[in-house]
Amino acid sequence: MYEKLRKEVEELFKYAPKTARTNELKEEVLANLIDRYNDLIAEGKSEDEAIKKAIAGVGDIDELIQSLRTNDTLSYEEMKKDRQKSALILSISTTLYIMSVVILILFTSVFDISGEISVCVMLTIIAIATGLIVYNSKTHAKYVKANDTLVEDFKEWKSSKTKEEELMESIRSIVWTITVVIYFIISFVFHSWAYSWIIFIIGVAVQKIVALIFQMKE
Amino acid sequence: MSITSDIIRGHTETIILANLAEKDSYGYEINKTIQKKTDNKYELKEATLYSAFRRLEQASMITSYWGNETTGARRRYYSITKLGRLALEQNRIDWNESKELIDKLINEVG
């Protein structure tokens, strides 16, 4: 039933992007067309006349199709909220990484809990932190193509690769150089070679924090 | 009639909000109500309605849900939100004020 109307709608939306939002709009338009068509038939119009009048009542949907294209990506506000949530999760995981070591030390030295249990607790905290990071990277929204052309394909690839890599490399080298320097300074000054290796673990956390700050600024 | 239709088209969103404030509705039904209320003197193009629906929904002034029609296509129903009602009130006040002012400016002589 209503096959002719359905075909007219497909024709109308010929140049629209093939997305779920487009399909929803198509269904809405079709439903309204069917109602109008039925009313026109009830008024006594012929089938062809009713179809023509119904389609004419839709008007110019060029602007509508344009909006379907541009609104495929998340709005700016939504992306900002998404980034903030992502940053929060990463900060929490980084803190957990550091705290896991702190708790290990506290448990073994201050509270005298056995080594095995303390290490298990530490590893559990690390597991939670790692889980958070994995969850975060999976749910993070990425650049969505505006259409299927080669240009958009390239933009998508580029945005996720080169700039980030370069930045990360520089950050990594800076942080690690500083970490090694601090390690040696502290070890020599305080003669604490037995404990100062912790600085490297802290270095990992610091590197992640710094990388995050740079990402947020982007 | 062209200035009138421009002015009315400019107020499409408020017209929709006023309609939805009475009850939930969908595209064609709203259009029919407008035709009835204006004694068939005015009819909105559906494209105008769809654009307005999208803007209103993005501004969180209306929400939408699908009907459960089993034949043909499902209808998209819209309902007004609290924010929408607030906006409607404000727009009503604005319109009445503008009406009064413009009246004074072009209708009163001297």
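These numbers come from a predicted model, not from an experiment.
Across A/Gly57, A/Ala56, A/Gly59, the residue that shares the most heavy-atom pairs under 4.5 angstrom with chain B is A/Gly57.
Taking a 6.0 Å sphere around CD of A/Glu63, one finds it holds 12 or fewer heavy atoms contributed by other residues, nucleotides or ligands. Other residues, nucleotides and ligands place more than 12 heavy atoms under 6.0 Å from the NZ atom of A/Lys26.
Contacts between residues 79-96 of chain B and chain A, defined by a heavy-atom separation under 4.5 Å, are made by no residue at all. Using non-hydrogen atoms only and a strict 4.5 Å limit, no part of residues 13-22 of chain B faces chain A. Residue-level contacts of residues 36-55 of chain A with chain B, in order of numbering, are A/Arg36, A/Asp39; threshold 4.5 Å between heavy atoms.
One finds the CG atom of A/Leu68 at 7.5 Å from the CZ atom of B/Arg54 (value rounded to the nearest 0.5 Å). Distance check: B/Arg76 CZ to A/Asn32 CG gives 11.5 Å after rounding to the nearest 0.5 Å. Once rounded to the nearest 0.5 Å, the distance linking OH of B/Tyr50 with CD1 of A/Ile61 reads 9.0 Å.
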Without placing hydrogens or testing angles, list every side-chain donor-acceptor pair under 3.5 Å for residues 120-130 of chain A, not counting sequence neighbours.
residue: A/Thr124; atom: OG1; partner: A/Cys120; partner atom: O; Å: 2.7
residue: A/Thr130; atom: OG1; partner: A/Tyr97; partner atom: OH; Å: 3.0
residue: A/Thr130; atom: OG1; partner: A/Ile126; partner atom: O; Å: 2.8

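Taking both residues in full, the closest heavy atoms of B/Phe53 and A/Glu28 are given as CD1-OE2, 4.0 Å, listed atom of the first, atom of the second, then distance.
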May I have the step-by-step check of side-chain contact (heavy atoms from CB on, under 4.5 Å) for B/Lys32 and A/Asp35, ending in yes or no?
CA-CA 11 Å; B/Lys32 268 213 306 203; A/Asp35 273 347; over 6 Å; no
